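For clarity, every value in this text was computed on a predicted model and none was experimentally measured. Count residues from 1 along the sequence.
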Amino acid sequence: DRTAYVGNVTANITEETLHALFSHCGTITQVRISGDPTYNARFAFVEFADQRSNNDPDRVSRTIHIAGVDQQVTEQHLAQYFSVCGE
C-alpha cells in the first residue's frame, strides 16, 4: 500500500471529501482523519491500493507538507505555484 499524508485538514473536511479529492490518483483503500474534530488543524492519511494505480507511478510518490496556507488559496493557485517543481 501507498499512504499520502494530508495536513491542515479543517473541521469541515470529511473522509468522503478527501476520498473524492484524491480518487483521481488511484484506487483508495482507506481515508483516516486524525486529531480533535473541534480543532481546525487536523491531519489525515489516504491509503492507495497500488503504487502504480492510474498508470502513473510517480503521481503520489512524494510527500509535501504545506502548513499555514490561507483558506482563500485555491487548488489552482497551489498548482500554478508548484508547477516549477514538476507535475
Practice problem: Determine the minimum heavy-atom distance between Ala11 and Pro37, stating which atoms define it. | Solution: CB-O, 3.6 Å
Quiz item: Got a second to check how far Phe43's CZ is from Ile33's CD1, nearest 0.5 Å?
Solution: 10.5 Å
Quiz item: Of all residues at least two apart in sequence or in a different chain, which pass the side chain to side chain contact (heavy atoms under 4.5 Å, CB included) check with Leu21?
Solution: Glu75
Quiz item: So Phe22 and Val6, side-chain contact (heavy atoms from CB on, under 4.5 Å) or not? Walk me through it.
Solution: CA-CA 10 Å; Phe22 285 95; Val6 182; 3.7 Å; yes
Quiz item: Quick one: side chain to side chain donor-acceptor pair (under 3.5 Å) partners of His19, sequence neighbours excluded?
Solution: none
Quiz item: With sequence neighbours left out, which residue pairs that include part of residues 28-37 fulfil the salt bridge (charged side-chain N to carboxylate O under 4.0 Å, His left out) condition?
Solution: Arg32-Glu47
Quiz prompt | Set of side chain to side chain donor-acceptor pair (under 3.5 Å) partners for Thr10, sequence neighbours left out | solution = Asn12
